[in-house]
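From a predicted model like this one, the values you see are computed outputs, not experimental measurements.
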Amino acid sequence: MVRRIDVTGAGGVSLAAWEFADPPKTGEVDRTPGVLLLHGLMGRASHWASTARWLSERHRAVALDQRGHGQSDKPPEGPYTREAYVDDAEAALEQLGLAPAVLIGHSMGALTAWQLAAKRPDLVRGLIICDMRASALGAASQREWEAWFKSWPVPFATLADVRKWFGEDDPWVERPNPSRGEFYAEVMAESDDGWRPVFDPAQMLKSRETWVYDAHWEELAQVRCPALVVRGLDGELGRAESQEMVRVLPHGQYAEVADAGHLVHYDQPDAWRAAIEPFLDGVLTG
């Protein structure tokens, strides 16, 4: 069962939230904390489908298509600010009746999650930060992303071409990575001339520029709930920085997933589950 739930985000933006399995039919689900899953930049709620399904065995788990992504609205003028993304997640928690919830965020979604946890501690019972840095990335990083988007050979003739380019031919790929190809195939839609992303790359850059120039340690230190920092050993978050994030978090814990890159939950779903399930058991049932 896949069910869409409409949510009204900040400024009236229409957002699509998704359940990928029926919640437990025990009568207890209304009294247990919910889980809100937040994808990263360019992602979509369906990237969480595997995680949401096993979570739904005992809890209500909902994944959100954030503004500009998936089947949510993509307002031409935005805004695509940090405040807008955080306010959207806040609205989702309240409208879906999930709070106090555990927030699970990947990359940009993780930043949104910890900023919301700092802003509204009453809504957040626990936090999982997946492969997101707290340090500033800088102007060079933004320029690299601009050049990367321009390098995409869009439109792609077929989904097989999407999988091959993002899994093998993309200059950013160090070695063949089929799961990366599948990840990007999920964010493509067929048009008259071929396959194109469901998002506007210009909007993605606009979203990204609202965080890459700043560090986010101060907000991390304001998170009062238990928090787990997860990194893929081949991901973008280094061990030293991740351990400093754990130190800065008032109730921080650490986990890592071997043989995983930035797309930790997508690269290694079983190892990802093994890494986060003990933390979730403690937070959701404690």
Side-chain angles (χ1 to χ4, degrees), residues 1-9 14-40 43-66 69-72 88-110 112-114 116-117 120 123-131 179 182-183 186-187 225-228 230 253 255 257 260 263-286:
M1 188 275 311
V2 177
R3 181 165 74 105
R4 172 176 171 157
I5 309 165
D6 291 325
V7 171
T8 301
S14 177
L15 305 173
W18 301 87
E19 289 182 290
F20 293 96
D22 292 321
K25 301 183 184 303
T26 62
E28 296 295 318
V29 69
D30 292 335
R31 297 194 291 275
T32 60
V35 181
L36 182 66
L37 300 126
L38 299 171
H39 61 74
R44 65 187 308 171
S46 62
H47 287 142
W48 289 115
S50 173
T51 299
R53 288 189 183 104
W54 63 258
L55 281 170
S56 296
E57 294 169 8
R58 288 188 290 168
H59 305 282
R60 187 180 180 207
V62 182
L64 182 68
D65 274 338
Q66 296 174 80
H69 296 75
Q71 293 189 27
S72 289
D88 286 348
E90 180 180 355
L93 284 181
E94 292 180 327
Q95 292 171 39
L96 294 167
L98 293 174
V102 171
L103 301 181
I104 303 178
H106 172 246
S107 196
M108 179 191 76
T112 300
W114 88 61
L116 178 54
R120 290 292 307 274
L123 296 181
V124 185
R125 178 164 176 161
L127 173 67
I128 295 179
I129 297 166
C130 179
D131 216 65
S179 66
E182 291 293 342
F183 183 95
E186 274 196 62
V187 295
C225 63
L228 179 68
V230 185
Q253 301 177 41
V257 179
L263 308 175
V264 182
H265 57 298
Y266 212 80
D267 282 345
Q268 299 292 341
D270 293 337
W272 158 252
R273 178 174 181 173
I276 70 170
E277 198 164 25
F279 173 83
L280 285 168
D281 286 345
V283 172
L284 290 170
T285 61

- [ ] Decide if the gap between the ring center of Trp48 and the ring center of His265 is smaller than 6.0 angstrom.
- [x] yes
- [ ] Carefully, step by step, assess Leu116 and Leu127 under the rule side-chain contact (heavy atoms from CB on, under 4.5 Å).
- [x] CA-CA 10 Å; Leu116 178 54; Leu127 173 67; over 6 Å; no
Task: Arg60 side-chain N/O to Leu98 backbone N/O, donor-acceptor pair under 3.5 Å - done: no
TODO: Using a 4.5 Å cut-off on heavy atoms from C-beta on, say whether the side chain of Gln66 contacts that of Leu38.
DONE: yes
Task: Distance, nearest 0.5 Å, that separates CD of Glu186 from CZ of Arg44 - done: 7.0 Å
Open item on the list: List the residues meeting salt bridge (Lys or Arg N to Asp or Glu O under 4.0 Å) with Asp22, not counting sequence neighbours, and say none if there are none.
Closed with: none
TODO: Side-chain contact test, heavy atoms from C-beta onward, threshold under 4.5 Å: evaluate it for Cys130 versus Trp272 and give yes or no.
DONE: yes
Task: Validation row: Leu96, Leu64 side chains within 4.5 angstrom (heavy atoms) - done: no
Open item on the list: Just to verify, what does Arg120 make a salt bridge (Lys or Arg N to Asp or Glu O under 4.0 Å) with, not counting sequence neighbours?
Closed with: Glu90, Glu94, Asp122
Task: From CA spacing to verdict: side-chain contact (heavy atoms from CB on, under 4.5 Å), Val187, His69 - done: CA-CA 9 Å; Val187 295; His69 296 75; over 6 Å; no
TODO: To the nearest 0.5 Å, tell me how far Asp88 CG sits from Leu15 CG.
DONE: 4.5 Å
Open item on the list: For a 4.5 angstrom cut-off between non-hydrogen side-chain atoms, does Ile128 reach Leu280?
Closed with: yes
- [ ] Evaluate the side-chain proximity of Arg58 to Asp281: yes if any heavy-atom separation is below 4.5 Å, no if none is.
- [x] yes
Task: Nearest non-hydrogen partners of Pro226 and Val283, listed with the distance - done: CB-CG2, 4.0 Å
Open item on the list: Leu37 vs Leu55, test: side-chain contact (heavy atoms from CB on, under 4.5 Å). Steps then yes/no.
Closed with: CA-CA 11 Å; Leu37 300 126; Leu55 281 170; 4.2 Å; yes
- [ ] To the nearest 0.5 Å, tell me how far Gln95 CD sits from Asp6 CG.
- [x] 10.0 Å
Task: Side-chain touch Trp18/Gln71, heavy atoms, less than 4.5 angstrom - done: yes
Open item on the list: Nearest 0.5 Å, please: how far is NE2 in His39 from OH in Tyr266?
Closed with: 13.5 Å
Task: Contacts of type side-chain hydrogen bond (donor to acceptor under 3.5 Å, both in side chains), residue Glu277, not counting sequence neighbours - done: Arg273
Open item on the list: Give me the atom names and distance for the closest heavy-atom approach of Gly40 to Ser107.
Closed with: CA-CB, 4.2 Å
Open item on the list: Please determine whether salt bridge (Lys or Arg N to Asp or Glu O under 4.0 Å) holds for the pair Arg4 and Asp65, giving the CA-CA distance in whole Å, both sets of side-chain angles, and the decisive distance to 0.1 Å.
Closed with: CA-CA 10 Å; Arg4 172 176 171 157; Asp65 274 338; over 6 Å; no
Task: Validation row: Leu103, Leu93 side chains within 4.5 angstrom (heavy atoms) - done: yes
Task: Side-chain heavy atoms of Leu263 within contact of His106, under 4.5 Å - done: yes
TODO: Output, in order, the C-alpha distance, side-chain angles, deciding distance and verdict of side-chain contact (heavy atoms from CB on, under 4.5 Å) for Phe20 and Ser46.
DONE: CA-CA 8 Å; Phe20 293 96; Ser46 62; 4.3 Å; yes
Task: Qualifying residue, where the test is side-chain contact (heavy atoms from CB on, under 4.5 Å) with Val257 and the options are Val264, Ile276, Asp131 - done: Val264
Task: Shortest non-hydrogen contact from Ala92 toward Val7 - done: CA-CG1, 3.8 Å
TODO: Measure across Ala61 and Ser56 and return the closest heavy-atom pair with its distance rounded to 0.1 Å.
DONE: CB-OG, 3.9 Å
